[in-house]
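Counting convention: from 1, in listed order, for ligands and their atoms alike. Computation of the quantities below employed the complete heavy-atom set of this structure, encompassing side-chain atoms and omitting hydrogens, waters and symmetry-equivalent molecules.
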Amino acid sequence: DFGLMTYDPAFTNTASCRSAITYIDGDKGVLEYRGYPIEQLAEKSTYLEVAYLLMFGELPTTAQLQDWEQGILKHTLLHENIKHLMRGFRYDAHPMGVFLSTVGALSTFYPDAKNVSDANVRLEHIQKLIAKSPTIAAYAYRHSKGLFYVYPDNNLNFAGNFLNMLFKMTEAKFEVNPILERALDILFILHADHEQNCGTNAMRAIGSSEVDPYSALAGAAAALYGPLHGGANEAVLTMLRHIGSKANVPDFIAKVKKGEGRLMGFGHRVYKSYDPRARIIKKAAYDVFEVTGTNPLLDLALELEKIALEDEYFVKRKLYPNVDFYSGLIYQALGFSPEMFTVLFAIPRTAGWVAQWDELHRDPDQKIARPRQIYTGYRTRDYIPMDKR
Ligand code: SDX
């Protein structure tokens, strides 16, 4: 406690903004988008319908959804110059680094996006960002594999179009099992928004300076890239591969308890109970493995979860599986390489980022983000000449 101000290293108890978009009860494991429970949305909705809900606050009518989807589908293409930009990256550039750089570069293609006070201008670029994020991700993936780029096919749904741009190898469109396509759409719904997490906080803080949404979203994606945030899904797969077999789980858990590493995909700043998204993803994993054949790492993940949830170290610290613990297993089964996993988080999170950014600009009381600090350095003192130091 530093006198008048108290220092909270994670600003856990400091509200950064007012928002009506996403509600979380961390103790009860509740997550609602605009009041709708995530369980119902995952079962009954689609990613683009959820993106509409996050943005406008209500579920769309048929006509509203059609208009919204059309407004997005007409923006799926990228300027041809973006391909040249991407060619500048090394073949092994991490797709997340390509993604955030390319989104930032898009700000130079749309100078009018700076008119953030105009709701229609905001809407146009919001739809562009939702539409182009999968195209950027697919181009980044194809670049990393040295493959030709596949243009978006607007006759396909959002998840199908993305998978086609990623995996199409012949003239024929990429055929994907509808169960797998639906599993990806459910993952997109679950990752769409999550209140004021690190990446969304970055989106709002950067956006509060009235910069364009492309530049703000590049900053949000940079925050998500971190292994403590969206990078955790890739880190879970690395961790599972490192553990290798159930026989090694007790040793691994012992090391974690000694502070020699973390159980990636476990723990959460807000959820002090099971992350409701992890529960849904765990169930979706079984549906996916029915189609693709099981993944030996799933048994390992289940064993890790079982042992951890019975261990005092994790119970005392209220550490449960979070959204990242099982998602990578599904992405792997869908054919994605681990370095694509965080980009797979960034694509759907674009809907939440832009909805939160729009909300920020609709708040008449909103000011530029300017947190204060607790100053712990020297107070005023005189300059010391070199020969006296
Ligand atoms: C996401 O905020 C969001 O909403 C994020 C997100 C979203 O949708 O945007 O939900 C997405 O980022 C999910 C989290 C993904 N990250 C991981 O899975 C990485 C592993 N988890 C952690 O590093 C950690 O749990 C955090 C970062 C998620 C939360 O950390 P906190 O709240 O800052 O907690 P902490 O680091 O202060 O830990 C409290 C205690 C510590 O032990 P002690 O110092 O008290 O002895 O719990 C321990 C930590 O060492 N701990 C863990 C642990 N997480 C916390 N120990 C082992 N393994 C872990 N995973």
Side-chain angles (χ1 to χ4, degrees), residues 7-16 19 21-27 29-33 38 42 50 54 96 187-204 217 220-240 242-243 249 252-281 301 304-305 307-309 311-329 341-342 344-353 355-356:
Y7 173 55
D8 172 347
F11 303 103
T12 308
N13 302 315
T14 315
S16 60
S19 177
I21 297 176
T22 292
Y23 174 75
I24 299 174
D25 181 329
D27 294 327
V30 170
L31 169 57
E32 296 169 350
Y33 292 161
I38 194 67
V50 162
L54 292 172
M96 201 52 195
L187 283 168
F188 283 170
I189 289 169
L190 296 173
H191 285 84
D193 194 53
H194 209 241
E195 205 221 59
Q196 302 312 314
N197 57 81
C198 187
T200 302
N201 185 50
M203 183 79 189
R204 290 186 78 120
L217 200 135
L224 188 72
Y225 194 1
L228 291 188
H229 192 9
N233 54 18
E234 182 179 351
V236 168
L237 252 288
T238 308
M239 173 187 74
L240 292 174
H242 166 74
I243 295 170
V249 168
F252 175 79
I253 292 286
K255 285 199 175 84
V256 168
K257 288 162 68 175
K258 280 191 281 184
E260 294 165 19
R262 289 202 157 189
L263 177 47
M264 299 311 275
F266 254 67
H268 199 277
R269 175 60 54 75
V270 179
Y271 290 124
K272 299 309 170 188
S273 57
Y274 212 106
D275 184 332
R277 300 168 296 176
R279 221 184 283 283
I280 297 167
I281 292 174
L304 258 176
E305 174 186 341
I307 292 182
L309 294 187
D311 187 299
E312 180 52 24
Y313 173 92
F314 296 90
V315 172
K316 191 172 81 169
R317 292 168 176 80
K318 297 183 179 178
L319 302 175
Y320 293 84
N322 60 47
V323 68
D324 293 304
F325 192 62
Y326 288 104
S327 57
L329 293 172
F341 290 3
T342 308
L344 287 161
F345 196 147
I347 292 170
R349 187 52 59 89
T350 296
W353 286 333
Q356 297 260 0

State, with a plain yes or no, whether a side-chain heavy atom of Met239 is found less than 4.5 Å away from one of Arg262. no
Please round to the nearest 0.5 Å and tell me the distance separating atom CD1 of Ile243 and atom OG1 of Thr238. 11.0 Å
Is there a nitrogen or oxygen of Met264 sitting under 3.5 Å from a nitrogen or oxygen of ligand 1? no
Does the N or O separation between Val323 and ligand 1 drop below 3.5 Å for any pair? no
Under 4.0 Å, counting heavy atoms only: does Arg277 come that close to any atom of ligand 1? yes
Rounded distance [0.5 Å steps], NZ in Lys255 versus NZ in Lys258: 7.0 Å
Between Tyr274 and Glu305, is there a side-chain heavy-atom distance shorter than 4.5 Å? yes
Report the part of Tyr320 in contact with ligand 1, treating N, CA, C, O as backbone and CB onward as side chain, heavy atoms under 4.0 Å; options are side chain, backbone, both, neither. neither
Closest to atom 38 (O) of ligand 1 (heavy atoms only, candidates Lys257, His229, Arg262, Arg317) is Arg262
Checking Tyr271 now: which residues fulfil ring pair (Phe, Tyr, Trp, His ring centres under 6.0 Å) with it, not counting sequence neighbours? His194, His268
Atoms in ligand 1 flagged as close to Ala232, the criterion being non-hydrogen separation under 4.0 Å: 15 (C), 16 (N), 17 (C), 18 (O)
Does the side chain of Leu329 come within less than 4.5 Å of Leu240's, by heavy atoms? yes
For ligand 1, is any non-hydrogen atom under 4.0 Å from Leu319's backbone (N, CA, C, O), its side chain (CB onward), both, or neither? side chain
Could you list which atoms of ligand 1 come closer than 4.0 Å to a heavy atom of Asp324? 1 (C), 13 (C), 14 (C), 15 (C)
Considering only heavy atoms of Asn197, which atoms of ligand 1 have at least one such atom less than 4.0 Å away? 2 (O), 3 (C), 4 (O), 5 (C), 9 (O)
Atoms of ligand 1 close to Gly265 [distance to a heavy atom under 4.0 angstrom, numbered from 1]: 17 (C), 18 (O)
Show me which atoms of ligand 1 lie under 4.0 Å from any heavy atom of Arg349. 7 (C), 8 (O), 9 (O)
Student check: side-chain heavy atoms of His191 and Ile281 closer than 4.5 Å: yes
Within the structure, does Lys272 bring an N/O atom to less than 3.5 angstrom of an N/O atom in ligand 1? no
Select one of side chain, backbone, both or neither to describe which atoms of Val256 lie under 4.0 Å from any atom of ligand 1, heavy atoms only. side chain
Hey, is Phe325 one of the residues with a heavy atom under 4.0 angstrom from ligand 1? no
Do Tyr225 and Glu234 have side chains that approach each other closer than 4.5 Å (heavy atoms only, starting at C-beta)? no
Classify the contact between Arg269 and ligand 1 as side chain, backbone, both or neither, using a heavy-atom distance cut-off of under 4.0 Å. both
Determine, stepwise, if the pair Leu263 / Leu319 fulfils side-chain contact (heavy atoms from CB on, under 4.5 Å). CA-CA 9 Å; Leu263 177 47; Leu319 302 175; over 6 Å; no
Taking 4.0 angstrom as the limit and counting only heavy atoms of Leu263, give me the atoms of ligand 1 inside it, by number and element. 57 (C), 58 (N), 59 (C), 60 (N)
Which ligand 1 atoms does Gly267 reach within 4.0 Å, using its non-hydrogen atoms? 25 (O), 28 (C)
Between Asn322 (side chain) and Gly267 (backbone), is there a donor-acceptor pair under 3.5 Å? yes
Does Leu224 reach the side chain of Asn197, with side-chain heavy atoms less than 4.5 Å apart? no
Where on Lys318 is there a heavy atom closer than 4.0 Å to ligand 1, on the side chain, on the backbone, on both, or on neither? neither
